[in-house]
Amino acid sequence: MLEITELVHSYGSHRVLDGVSLSVAEGELVSVVGPSGCGKSTLLRSIAGLIRPSGGQILLGGRPVDQIPDNLAIVFQDYSRSLFPWMTAANNVALPLRRRGLDRRRRREAAMAALDQVGLADAGGKYPWEMSGGMQQRVSIARALAYRPSLLLMDEPFGSVDAQTREDLEDLVLRVCAHHGMTILLITHDIDESVYVGDRVIVLTRSPARVSADLKVDLGASRDQIATRQLDEFVRLRAEVGRLVRGGSTTATTVLEQH
Amino acid sequence: MNHVRVLRGVVGAAGFAVAVEAVGLSGLVDERFLPRMSTILVGAAGLIVDPEFLADVVATLTAWALGLLLTVAVAVPAGLTLGALPAAERAVRPLIEFLRPIPSVAIIPLAILLFSDNLHLKLAVIVYASSWPVLINAIYGLRDVDPLAKETLRGFGFGPMSVLARVALPSAAPFIATGVRVASGIAIILTVSAELLAGGSEGIGIFITEAAGGNRIDLMLAATLWAGLFGVLSNAVLVAVERRLFRWHHARSEAAR
(Lines give C-alpha, C1' and ligand atoms only; values in the text may rest on other atoms or scores of the structure.)
Protein backbone atom coordinates (compact mmCIF):
# COMPACT_ATOMS: atom_id res chain seq x y z
CA MET A 1 0.00 0.00 0.00
CA LEU A 2 2.61 2.49 1.16
CA GLU A 3 6.27 1.95 0.42
CA ILE A 4 8.87 4.48 1.52
CA THR A 5 12.51 4.02 0.59
CA GLU A 6 15.45 6.07 1.83
CA LEU A 7 13.41 9.23 2.33
CA VAL A 8 15.62 12.26 2.90
CA HIS A 9 14.54 15.80 3.65
CA SER A 10 16.42 18.93 4.66
CA TYR A 11 15.24 22.41 5.49
CA GLY A 12 18.15 24.42 4.15
CA SER A 13 21.25 22.82 5.65
CA HIS A 14 19.26 21.28 8.49
CA ARG A 15 18.63 17.62 7.77
CA VAL A 16 15.36 16.32 9.22
CA LEU A 17 14.86 12.92 7.58
CA ASP A 18 17.98 10.87 7.06
CA GLY A 19 17.00 7.90 4.95
CA VAL A 20 13.68 6.72 6.36
CA SER A 21 12.40 3.45 4.93
CA LEU A 22 9.13 1.86 5.95
CA SER A 23 6.11 0.16 4.51
CA VAL A 24 2.46 -0.13 5.43
CA ALA A 25 0.36 -3.03 4.19
CA GLU A 26 -3.29 -2.82 3.19
CA GLY A 27 -5.59 -2.73 6.24
CA GLU A 28 -2.75 -2.17 8.70
CA LEU A 29 -2.58 0.43 11.46
CA VAL A 30 1.03 1.46 11.82
CA SER A 31 2.06 3.89 14.51
CA VAL A 32 5.16 5.96 14.07
CA VAL A 33 6.68 7.11 17.33
CA GLY A 34 9.73 9.20 18.01
CA PRO A 35 11.07 11.96 20.24
CA SER A 36 9.59 15.45 19.87
CA GLY A 37 10.93 17.35 16.91
CA CYS A 38 12.41 14.27 15.27
CA GLY A 39 10.77 14.89 11.90
CA LYS A 40 7.55 12.88 12.29
CA SER A 41 5.41 15.64 10.87
CA THR A 42 7.81 16.17 7.98
CA LEU A 43 7.46 12.49 7.19
CA LEU A 44 3.67 12.76 7.20
CA ARG A 45 3.65 15.91 5.08
CA SER A 46 5.91 14.20 2.55
CA ILE A 47 3.56 11.24 2.27
CA ALA A 48 0.63 13.61 1.83
CA GLY A 49 2.46 15.43 -0.95
CA LEU A 50 2.27 18.70 0.99
CA ILE A 51 6.03 19.08 0.83
CA ARG A 52 8.45 17.70 -1.71
CA PRO A 53 11.15 15.67 0.04
CA SER A 54 14.78 16.27 -0.92
CA GLY A 55 15.36 12.65 -1.82
CA GLY A 56 14.12 9.09 -1.71
CA GLN A 57 10.92 7.56 -2.95
CA ILE A 58 7.35 7.26 -1.74
CA LEU A 59 5.08 4.78 -3.46
CA LEU A 60 1.39 4.92 -2.67
CA GLY A 61 -0.58 2.06 -4.16
CA GLY A 62 2.40 1.39 -6.44
CA ARG A 63 2.51 4.96 -7.79
CA PRO A 64 5.11 7.55 -6.81
CA VAL A 65 3.81 10.54 -4.81
CA ASP A 66 4.98 13.45 -6.93
CA GLN A 67 1.96 15.63 -6.28
CA ILE A 68 -0.88 15.51 -3.80
CA PRO A 69 -2.52 12.08 -4.00
CA ASP A 70 -6.28 12.20 -4.27
CA ASN A 71 -6.97 9.10 -2.23
CA LEU A 72 -5.71 10.00 1.20
CA ALA A 73 -7.05 11.96 4.12
CA ILE A 74 -5.29 13.63 7.04
CA VAL A 75 -6.44 14.16 10.60
CA PHE A 76 -4.34 16.89 12.22
CA GLN A 77 -3.72 17.41 15.92
CA ASP A 78 -5.10 20.93 15.86
CA TYR A 79 -8.78 20.35 15.10
CA SER A 80 -9.71 23.94 15.90
CA ARG A 81 -7.60 25.13 12.97
CA SER A 82 -8.31 22.20 10.71
CA LEU A 83 -12.10 22.46 10.85
CA PHE A 84 -13.69 25.39 9.05
CA PRO A 85 -15.51 27.58 11.59
CA TRP A 86 -17.89 29.08 9.01
CA MET A 87 -19.37 25.65 8.29
CA THR A 88 -21.50 23.33 10.36
CA ALA A 89 -20.08 19.95 11.34
CA ALA A 90 -22.08 18.25 8.58
CA ASN A 91 -20.82 20.67 5.92
CA ASN A 92 -17.24 20.27 7.16
CA VAL A 93 -17.55 16.52 6.71
CA ALA A 94 -19.30 16.86 3.35
CA LEU A 95 -16.86 19.36 1.79
CA PRO A 96 -14.06 16.97 0.70
CA LEU A 97 -16.68 14.71 -0.90
CA ARG A 98 -16.91 17.25 -3.72
CA ARG A 99 -13.68 15.62 -4.91
CA ARG A 100 -15.59 12.36 -5.14
CA GLY A 101 -18.07 13.82 -7.60
CA LEU A 102 -21.06 13.19 -5.36
CA ASP A 103 -24.12 15.39 -5.68
CA ARG A 104 -25.34 17.52 -2.79
CA ARG A 105 -27.80 14.97 -1.42
CA ARG A 106 -25.32 12.10 -1.53
CA ARG A 107 -22.66 14.23 0.13
CA ARG A 108 -25.08 15.11 2.89
CA GLU A 109 -26.06 11.45 3.40
CA ALA A 110 -22.44 10.32 3.55
CA ALA A 111 -21.62 13.10 6.03
CA MET A 112 -24.51 12.20 8.31
CA ALA A 113 -23.54 8.52 8.20
CA ALA A 114 -19.94 9.33 9.13
CA LEU A 115 -21.04 11.62 11.96
CA ASP A 116 -23.28 8.84 13.20
CA GLN A 117 -20.31 6.48 13.29
CA VAL A 118 -18.32 8.81 15.51
CA GLY A 119 -21.30 9.26 17.82
CA LEU A 120 -22.32 12.71 16.64
CA ALA A 121 -25.57 11.87 14.86
CA ASP A 122 -27.34 14.85 16.43
CA ALA A 123 -24.55 17.40 16.09
CA GLY A 124 -24.49 17.83 12.31
CA GLY A 125 -26.03 21.31 12.54
CA LYS A 126 -23.59 22.57 15.13
CA TYR A 127 -20.62 24.79 14.38
CA PRO A 128 -17.16 23.65 15.51
CA TRP A 129 -16.88 26.51 18.01
CA GLU A 130 -20.07 25.31 19.67
CA MET A 131 -18.44 21.94 20.43
CA SER A 132 -15.93 20.58 22.94
CA GLY A 133 -12.43 19.68 21.77
CA GLY A 134 -13.20 15.97 21.77
CA MET A 135 -16.31 16.51 19.67
CA GLN A 136 -14.39 18.65 17.19
CA GLN A 137 -11.76 15.95 16.76
CA ARG A 138 -14.58 13.45 16.20
CA VAL A 139 -15.82 15.67 13.39
CA SER A 140 -12.30 15.67 11.87
CA ILE A 141 -12.24 11.88 12.08
CA ALA A 142 -15.71 11.67 10.53
CA ARG A 143 -14.53 13.93 7.70
CA ALA A 144 -11.65 11.56 6.99
CA LEU A 145 -13.91 8.49 7.25
CA ALA A 146 -16.54 9.85 4.90
CA TYR A 147 -13.87 10.48 2.28
CA ARG A 148 -13.03 6.74 2.27
CA PRO A 149 -9.31 7.25 1.66
CA SER A 150 -7.10 4.33 0.74
CA LEU A 151 -4.65 5.69 3.32
CA LEU A 152 -5.52 7.70 6.41
CA LEU A 153 -2.75 9.82 7.92
CA MET A 154 -3.12 10.94 11.52
CA ASP A 155 -0.74 13.53 12.95
CA GLU A 156 -0.83 13.38 16.76
CA PRO A 157 -4.63 13.12 16.48
CA PHE A 158 -5.24 12.83 20.22
CA GLY A 159 -2.58 15.25 21.39
CA SER A 160 -4.89 18.13 22.24
CA VAL A 161 -7.66 16.45 24.24
CA ASP A 162 -7.89 15.37 27.87
CA ALA A 163 -6.89 11.84 28.97
CA GLN A 164 -10.43 10.41 29.15
CA THR A 165 -11.36 11.78 25.72
CA ARG A 166 -8.07 10.52 24.38
CA GLU A 167 -8.89 6.93 25.40
CA ASP A 168 -12.38 7.26 23.92
CA LEU A 169 -10.99 8.53 20.63
CA GLU A 170 -8.34 5.79 20.47
CA ASP A 171 -11.04 3.16 20.84
CA LEU A 172 -13.25 4.97 18.36
CA VAL A 173 -10.52 4.95 15.72
CA LEU A 174 -9.74 1.28 16.35
CA ARG A 175 -13.40 0.33 16.09
CA VAL A 176 -14.34 2.36 13.05
CA CYS A 177 -11.19 1.53 11.14
CA ALA A 178 -11.50 -2.18 11.79
CA HIS A 179 -15.07 -1.89 10.52
CA HIS A 180 -13.96 -0.25 7.26
CA GLY A 181 -10.69 -2.16 6.95
CA MET A 182 -8.83 1.12 6.67
CA THR A 183 -5.10 1.54 6.28
CA ILE A 184 -3.72 4.02 8.77
CA LEU A 185 -0.41 5.65 9.53
CA LEU A 186 -0.64 7.29 12.93
CA ILE A 187 2.05 9.60 14.20
CA THR A 188 2.45 10.10 17.92
CA HIS A 189 5.02 10.92 20.55
CA ASP A 190 3.09 8.92 23.14
CA ILE A 191 4.77 5.54 23.67
CA ASP A 192 1.75 3.89 25.33
CA GLU A 193 -0.53 5.05 22.58
CA SER A 194 1.74 3.81 19.80
CA VAL A 195 1.61 0.30 21.22
CA TYR A 196 -2.07 0.38 22.19
CA VAL A 197 -3.43 1.36 18.77
CA GLY A 198 -0.80 -0.14 16.47
CA ASP A 199 -0.53 -3.39 14.57
CA ARG A 200 3.08 -2.35 14.21
CA VAL A 201 5.17 0.33 15.84
CA ILE A 202 7.89 2.08 13.90
CA VAL A 203 10.35 3.92 16.10
CA LEU A 204 12.27 6.88 14.74
CA THR A 205 15.57 8.11 16.10
CA ARG A 206 16.31 11.62 17.29
CA SER A 207 16.65 14.19 14.49
CA PRO A 208 17.79 13.61 11.77
CA ALA A 209 15.31 10.75 11.79
CA ARG A 210 16.01 7.18 10.77
CA VAL A 211 14.00 4.07 11.55
CA SER A 212 15.53 2.50 14.64
CA ALA A 213 13.03 -0.34 15.00
CA ASP A 214 9.99 -1.86 13.37
CA LEU A 215 8.09 -3.88 15.98
CA LYS A 216 5.15 -6.17 15.50
CA VAL A 217 2.45 -5.67 18.14
CA ASP A 218 1.04 -9.07 19.09
CA LEU A 219 -1.95 -7.98 21.11
CA GLY A 220 -4.77 -9.30 18.96
CA ALA A 221 -7.33 -7.32 17.07
CA SER A 222 -9.54 -6.19 19.92
CA ARG A 223 -8.00 -3.98 22.55
CA ASP A 224 -9.24 -2.82 25.90
CA GLN A 225 -7.98 0.26 27.71
CA ILE A 226 -7.57 -1.61 31.01
CA ALA A 227 -7.03 -5.27 30.11
CA THR A 228 -4.71 -4.72 27.13
CA ARG A 229 -2.47 -2.41 29.08
CA GLN A 230 -2.04 -5.12 31.74
CA LEU A 231 -0.84 -7.78 29.32
CA ASP A 232 2.81 -8.83 29.66
CA GLU A 233 3.29 -8.31 25.94
CA PHE A 234 2.02 -4.71 26.22
CA VAL A 235 4.29 -3.96 29.14
CA ARG A 236 7.26 -5.51 27.36
CA LEU A 237 6.64 -3.60 24.12
CA ARG A 238 6.07 -0.34 25.93
CA ALA A 239 9.39 -0.72 27.73
CA GLU A 240 11.18 -1.60 24.51
CA VAL A 241 9.69 1.32 22.57
CA GLY A 242 10.41 3.61 25.50
CA ARG A 243 14.07 2.60 25.56
CA LEU A 244 14.36 3.07 21.80
CA VAL A 245 12.69 6.48 21.87
CA ARG A 246 14.98 7.69 24.63
CA GLY A 247 17.99 6.36 22.74
CA GLY A 248 21.19 5.51 24.58
CA SER A 249 20.45 7.44 27.76
CA THR A 250 17.97 4.88 29.09
CA THR A 251 20.51 2.09 29.21
CA ALA A 252 22.64 4.16 31.56
CA THR A 253 19.65 4.82 33.82
CA THR A 254 18.73 1.13 33.89
CA VAL A 255 22.26 0.23 34.91
CA LEU A 256 22.14 2.74 37.75
CA GLU A 257 18.79 1.40 38.94
CA GLN A 258 20.16 -2.12 39.11
CA HIS A 259 22.87 -1.14 41.52
CA MET B 1 -24.93 44.91 28.46
CA ASN B 2 -25.42 46.16 24.93
CA HIS B 3 -28.40 48.19 26.13
CA VAL B 4 -26.34 49.76 28.87
CA ARG B 5 -23.75 50.77 26.29
CA VAL B 6 -26.39 52.32 24.02
CA LEU B 7 -27.89 54.13 27.02
CA ARG B 8 -24.50 55.54 27.99
CA GLY B 9 -24.01 56.78 24.45
CA VAL B 10 -27.41 58.47 24.50
CA VAL B 11 -26.61 60.07 27.85
CA GLY B 12 -23.31 61.38 26.46
CA ALA B 13 -24.92 62.86 23.35
CA ALA B 14 -27.77 64.38 25.37
CA GLY B 15 -25.29 65.86 27.83
CA PHE B 16 -23.41 67.49 24.97
CA ALA B 17 -26.68 68.90 23.55
CA VAL B 18 -27.62 70.30 26.96
CA ALA B 19 -24.17 71.88 27.34
CA VAL B 20 -24.44 73.61 23.96
CA GLU B 21 -27.92 74.80 24.87
CA ALA B 22 -26.64 76.13 28.20
CA VAL B 23 -23.81 78.03 26.51
CA GLY B 24 -26.41 79.63 24.21
CA LEU B 25 -28.74 80.52 27.10
CA SER B 26 -25.93 81.98 29.20
CA GLY B 27 -25.12 84.47 26.46
CA LEU B 28 -21.39 83.68 26.62
CA VAL B 29 -21.28 83.17 22.86
CA ASP B 30 -23.18 85.22 20.29
CA GLU B 31 -26.07 83.12 19.03
CA ARG B 32 -25.28 84.19 15.47
CA PHE B 33 -22.03 82.21 15.67
CA LEU B 34 -23.17 79.28 17.81
CA PRO B 35 -26.94 78.82 17.66
CA ARG B 36 -28.64 77.11 20.56
CA MET B 37 -29.02 73.33 20.28
CA SER B 38 -32.80 73.68 20.31
CA THR B 39 -32.63 76.01 17.28
CA ILE B 40 -30.39 73.51 15.43
CA LEU B 41 -32.69 70.59 16.27
CA VAL B 42 -35.79 72.50 15.16
CA GLY B 43 -33.94 73.39 11.96
CA ALA B 44 -32.91 69.76 11.44
CA ALA B 45 -36.49 68.60 11.95
CA GLY B 46 -37.68 71.20 9.46
CA LEU B 47 -35.21 69.94 6.86
CA ILE B 48 -36.92 66.52 6.72
CA VAL B 49 -39.89 68.11 4.95
CA ASP B 50 -37.80 70.51 2.86
CA PRO B 51 -37.91 69.09 -0.72
CA GLU B 52 -34.81 71.04 -1.69
CA PHE B 53 -32.78 69.53 1.16
CA LEU B 54 -34.16 66.07 0.44
CA ALA B 55 -32.99 66.35 -3.18
CA ASP B 56 -29.55 67.29 -1.80
CA VAL B 57 -29.57 64.26 0.49
CA VAL B 58 -30.53 61.97 -2.39
CA ALA B 59 -27.68 63.38 -4.52
CA THR B 60 -25.13 62.89 -1.74
CA LEU B 61 -26.30 59.39 -0.84
CA THR B 62 -26.37 58.33 -4.50
CA ALA B 63 -22.78 59.42 -4.95
CA TRP B 64 -21.85 57.74 -1.65
CA ALA B 65 -23.52 54.43 -2.52
CA LEU B 66 -22.17 54.30 -6.07
CA GLY B 67 -18.73 55.27 -4.83
CA LEU B 68 -18.74 52.57 -2.18
CA LEU B 69 -19.91 49.95 -4.68
CA LEU B 70 -17.15 50.94 -7.10
CA THR B 71 -14.65 50.84 -4.23
CA VAL B 72 -15.65 47.27 -3.37
CA ALA B 73 -15.58 46.29 -7.06
CA VAL B 74 -12.06 47.70 -7.47
CA ALA B 75 -10.35 47.20 -4.11
CA VAL B 76 -11.55 43.70 -3.19
CA PRO B 77 -10.25 41.96 -6.36
CA ALA B 78 -7.08 44.05 -6.25
CA GLY B 79 -6.49 43.21 -2.58
CA LEU B 80 -7.19 39.52 -3.13
CA THR B 81 -4.81 39.40 -6.08
CA LEU B 82 -2.06 41.11 -4.10
CA GLY B 83 -2.75 38.91 -1.09
CA ALA B 84 -2.48 35.76 -3.19
CA LEU B 85 0.64 36.86 -5.07
CA PRO B 86 3.29 37.95 -2.54
CA ALA B 87 5.73 38.92 -5.30
CA ALA B 88 3.23 41.37 -6.81
CA GLU B 89 2.41 42.68 -3.36
CA ARG B 90 6.07 43.42 -2.65
CA ALA B 91 6.32 45.25 -5.97
CA VAL B 92 3.42 47.65 -5.27
CA ARG B 93 3.95 47.93 -1.52
CA PRO B 94 6.19 51.06 -1.67
CA LEU B 95 3.66 52.77 -3.95
CA ILE B 96 0.81 51.97 -1.56
CA GLU B 97 2.84 53.16 1.41
CA PHE B 98 3.57 56.42 -0.39
CA LEU B 99 0.03 57.16 -1.61
CA ARG B 100 -1.91 56.04 1.44
CA PRO B 101 -0.80 58.73 3.92
CA ILE B 102 -1.60 61.58 1.47
CA PRO B 103 -4.71 63.33 2.86
CA SER B 104 -7.37 62.29 0.36
CA VAL B 105 -9.03 65.71 0.40
CA ALA B 106 -5.81 67.08 -1.13
CA ILE B 107 -6.54 65.31 -4.40
CA ILE B 108 -9.92 67.00 -4.85
CA PRO B 109 -8.43 70.06 -6.67
CA LEU B 110 -6.73 67.66 -9.08
CA ALA B 111 -10.01 65.83 -9.61
CA ILE B 112 -11.73 69.14 -10.32
CA LEU B 113 -9.29 69.70 -13.18
CA LEU B 114 -9.65 66.16 -14.51
CA PHE B 115 -13.42 65.67 -14.39
CA SER B 116 -16.04 67.91 -15.91
CA ASP B 117 -18.95 65.82 -14.72
CA ASN B 118 -19.70 66.47 -11.06
CA LEU B 119 -20.75 62.89 -10.23
CA HIS B 120 -17.64 61.46 -11.91
CA LEU B 121 -15.51 63.78 -9.84
CA LYS B 122 -17.16 62.68 -6.61
CA LEU B 123 -16.90 58.99 -7.53
CA ALA B 124 -13.22 59.35 -8.40
CA VAL B 125 -12.26 60.88 -5.06
CA ILE B 126 -14.49 58.48 -3.11
CA VAL B 127 -12.95 55.43 -4.78
CA TYR B 128 -9.43 56.79 -4.34
CA ALA B 129 -9.85 57.51 -0.63
CA SER B 130 -12.07 54.57 0.37
CA SER B 131 -10.07 51.88 -1.40
CA TRP B 132 -7.17 51.90 1.05
CA PRO B 133 -8.78 50.22 4.06
CA VAL B 134 -10.49 47.65 1.81
CA LEU B 135 -7.29 46.96 -0.09
CA ILE B 136 -5.11 46.66 3.02
CA ASN B 137 -7.61 44.46 4.87
CA ALA B 138 -8.04 42.20 1.84
CA ILE B 139 -4.26 41.79 1.47
CA TYR B 140 -3.69 41.02 5.15
CA GLY B 141 -6.88 38.99 5.48
CA LEU B 142 -5.79 36.73 2.68
CA ARG B 143 -2.19 36.52 3.80
CA ASP B 144 -3.09 35.60 7.38
CA VAL B 145 -5.22 32.61 6.45
CA ASP B 146 -4.26 29.71 8.71
CA PRO B 147 -1.80 27.52 6.75
CA LEU B 148 -3.16 24.42 8.47
CA ALA B 149 -6.67 25.18 7.18
CA LYS B 150 -5.25 25.42 3.66
CA GLU B 151 -3.19 22.23 4.11
CA THR B 152 -6.28 20.41 5.29
CA LEU B 153 -8.04 21.03 2.01
CA ARG B 154 -4.89 20.52 -0.07
CA GLY B 155 -4.45 17.20 1.70
CA PHE B 156 -7.81 16.11 0.34
CA GLY B 157 -6.49 16.83 -3.15
CA PHE B 158 -8.07 20.24 -3.76
CA GLY B 159 -6.17 22.50 -6.16
CA PRO B 160 -4.95 26.05 -5.46
CA MET B 161 -8.06 27.74 -6.90
CA SER B 162 -10.39 25.59 -4.79
CA VAL B 163 -8.31 26.30 -1.69
CA LEU B 164 -8.52 30.03 -2.48
CA ALA B 165 -12.28 29.93 -2.96
CA ARG B 166 -13.19 27.56 -0.14
CA VAL B 167 -10.70 28.44 2.59
CA ALA B 168 -8.87 31.67 1.89
CA LEU B 169 -11.86 33.77 0.85
CA PRO B 170 -14.17 32.77 3.71
CA SER B 171 -11.32 33.28 6.20
CA ALA B 172 -10.53 36.73 4.82
CA ALA B 173 -14.16 37.83 4.41
CA PRO B 174 -14.67 39.25 7.94
CA PHE B 175 -11.55 41.40 7.56
CA ILE B 176 -12.66 42.63 4.16
CA ALA B 177 -16.09 43.48 5.61
CA THR B 178 -14.45 45.55 8.34
CA GLY B 179 -12.46 47.35 5.65
CA VAL B 180 -15.68 48.12 3.77
CA ARG B 181 -17.24 49.52 6.94
CA VAL B 182 -14.28 51.84 7.50
CA ALA B 183 -14.47 52.77 3.81
CA SER B 184 -18.14 53.71 4.13
CA GLY B 185 -17.24 56.34 6.73
CA ILE B 186 -14.43 57.70 4.56
CA ALA B 187 -16.77 57.78 1.55
CA ILE B 188 -19.29 60.05 3.29
CA ILE B 189 -16.48 62.43 4.32
CA LEU B 190 -15.14 62.58 0.78
CA THR B 191 -18.57 63.03 -0.78
CA VAL B 192 -19.38 66.08 1.33
CA SER B 193 -15.81 67.42 1.01
CA ALA B 194 -15.98 67.17 -2.78
CA GLU B 195 -19.31 69.00 -2.75
CA LEU B 196 -17.88 71.75 -0.54
CA LEU B 197 -14.74 72.23 -2.64
CA ALA B 198 -15.95 71.50 -6.16
CA GLY B 199 -19.44 72.96 -5.88
CA GLY B 200 -22.17 71.65 -8.15
CA SER B 201 -25.93 71.83 -8.15
CA GLU B 202 -27.03 69.28 -5.54
CA GLY B 203 -25.68 67.68 -2.37
CA ILE B 204 -25.53 68.16 1.38
CA GLY B 205 -22.22 69.97 0.89
CA ILE B 206 -23.88 72.37 -1.56
CA PHE B 207 -26.70 72.99 0.93
CA ILE B 208 -24.13 73.80 3.63
CA THR B 209 -22.28 76.21 1.32
CA GLU B 210 -25.52 77.97 0.43
CA ALA B 211 -26.64 78.17 4.07
CA ALA B 212 -23.27 79.71 4.89
CA GLY B 213 -23.72 82.21 2.09
CA GLY B 214 -27.10 83.16 3.60
CA ASN B 215 -25.47 83.48 7.04
CA ARG B 216 -27.68 80.66 8.36
CA ILE B 217 -25.31 78.92 10.74
CA ASP B 218 -28.27 77.09 12.30
CA LEU B 219 -29.14 75.46 8.94
CA MET B 220 -25.46 74.71 8.25
CA LEU B 221 -25.23 72.86 11.54
CA ALA B 222 -28.62 71.18 11.04
CA ALA B 223 -27.46 69.78 7.68
CA THR B 224 -24.15 68.75 9.22
CA LEU B 225 -26.07 66.98 11.97
CA TRP B 226 -27.92 64.93 9.33
CA ALA B 227 -24.67 64.02 7.59
CA GLY B 228 -23.26 62.88 10.92
CA LEU B 229 -26.38 60.89 11.78
CA PHE B 230 -26.19 59.19 8.43
CA GLY B 231 -22.59 58.17 9.15
CA VAL B 232 -23.60 56.71 12.51
CA LEU B 233 -26.55 54.89 10.97
CA SER B 234 -24.63 53.34 8.06
CA ASN B 235 -21.90 52.20 10.45
CA ALA B 236 -24.49 50.59 12.76
CA VAL B 237 -26.16 48.80 9.85
CA LEU B 238 -22.83 47.48 8.58
CA VAL B 239 -21.83 46.31 12.07
CA ALA B 240 -25.12 44.42 12.32
CA VAL B 241 -24.61 42.85 8.89
CA GLU B 242 -21.07 41.78 9.86
CA ARG B 243 -22.27 40.27 13.14
CA ARG B 244 -24.88 38.29 11.30
CA LEU B 245 -22.82 37.12 8.33
CA PHE B 246 -19.68 36.37 10.32
CA ARG B 247 -21.16 35.02 13.51
CA TRP B 248 -18.52 32.28 13.48
CA HIS B 249 -15.74 34.87 13.45
CA HIS B 250 -17.11 36.88 16.38
CA ALA B 251 -18.08 33.79 18.35
CA ARG B 252 -14.53 32.51 18.00
CA SER B 253 -12.78 35.74 18.89
CA GLU B 254 -15.07 36.19 21.90
CA ALA B 255 -14.34 32.65 23.07
CA ALA B 256 -10.61 33.33 22.74
CA ARG B 257 -10.86 36.43 24.91
Side-chain angles (χ1 to χ4, degrees), chain A residues 41 44-51 60 65 67-89 91-101 126-133 136 139-140 143-144 146-156 160, chain B residues 76 79-80 83-84 86 137-138 140-181 238-257:
Chain A
S41 290
L44 179 129
R45 281 179 160 73
S46 306
I47 300 170
L50 293 170
I51 55 173
L60 184 61
V65 175
Q67 52 187 11
I68 294 172
D70 59 3
N71 51 356
L72 62 80
I74 314 169
V75 173
F76 288 102
Q77 172 178 2
D78 208 337
Y79 44 79
S80 65
R81 292 166 58 201
S82 177
L83 292 175
F84 304 124
W86 52 88
M87 288 180 173
T88 60
N91 285 338
N92 264 289
V93 176
L95 176 62
L97 301 176
R98 286 174 178 274
R99 297 275 305 152
R100 291 279 183 256
K126 280 196 173 158
Y127 286 89
W129 37 270
E130 295 173 321
M131 300 176 157
S132 69
Q136 291 182 49
V139 176
S140 300
R143 178 167 65 184
Y147 193 66
R148 302 222 180 281
S150 54
L151 176 66
L152 172 58
L153 299 173
M154 305 184 98
D155 189 3
E156 304 265 6
S160 296
Chain B
V76 171
L80 292 178
N137 277 26
Y140 284 110
L142 204 64
R143 207 199 285 161
D144 288 352
V145 176
D146 193 328
L148 192 72
K150 288 195 271 191
E151 276 192 339
T152 299
L153 215 53
R154 280 178 63 206
F156 281 111
F158 285 78
M161 287 317 283
S162 298
V163 172
L164 184 70
R166 300 197 182 280
V167 180
L169 276 185
S171 300
F175 298 99
I176 297 174
T178 305
V180 171
R181 176 156 55 83
L238 288 172
V239 166
V241 170
E242 276 174 56
R243 290 225 147 238
R244 197 175 163 75
L245 278 181
F246 305 118
R247 201 161 59 93
W248 58 269
H249 181 74
H250 298 284
R252 277 226 306 191
S253 35
E254 267 155 34
R257 225 170 271 154

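Below, each value reflects all heavy atoms present in this structure, side chains not excepted, and no hydrogens, waters or symmetry copies. Residue numbers begin at 1 in each chain, while the letters A, B, ... track the order of the sequences.
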How would you list all residue pairs meeting side-chain hydrogen bond (donor to acceptor under 3.5 Å, both in side chains) that involve residues 151-161 of chain B, not counting sequence neighbours?
A/R45-B/E151, A/S82-B/T152
So how far is it from A/F76 CZ to A/L153 CG, rounded to the nearest 0.5 Å?
8.5 Å
[X], part contacting chain B, at a heavy-atom distance under 4.5 Å:
X      : value
A/A73  : both
A/P69  : backbone
A/L95  : both
A/S140 : neither

Proximity breakdown for B/S171 and chain A, heavy-atom pairs closer than 4.5 Å:
both
Tell me whether the rings of A/Y127 and A/W129 are parallel (<30°), tilted (30 to 60°) or perpendicular (>60°).
parallel
For A/R81, which residues count as a salt bridge (Lys or Arg N to Asp or Glu O under 4.0 Å) partner, sequence neighbours excluded?
A/D78, B/D146
Ring of A/F84, cation from A/R143 - is the NZ or CZ under 6.0 Å from the centre and inside 45° of the axis?
yes
Taking every heavy-atom pair that is under 4.5 Å apart, which of B/P147, B/A173, B/P170 has the most such pairs with chain A?
B/P170
Contact leader toward chain B among A/V75, A/D70, A/L72, where contacts are heavy-atom pairs under 4.5 Å:
A/L72
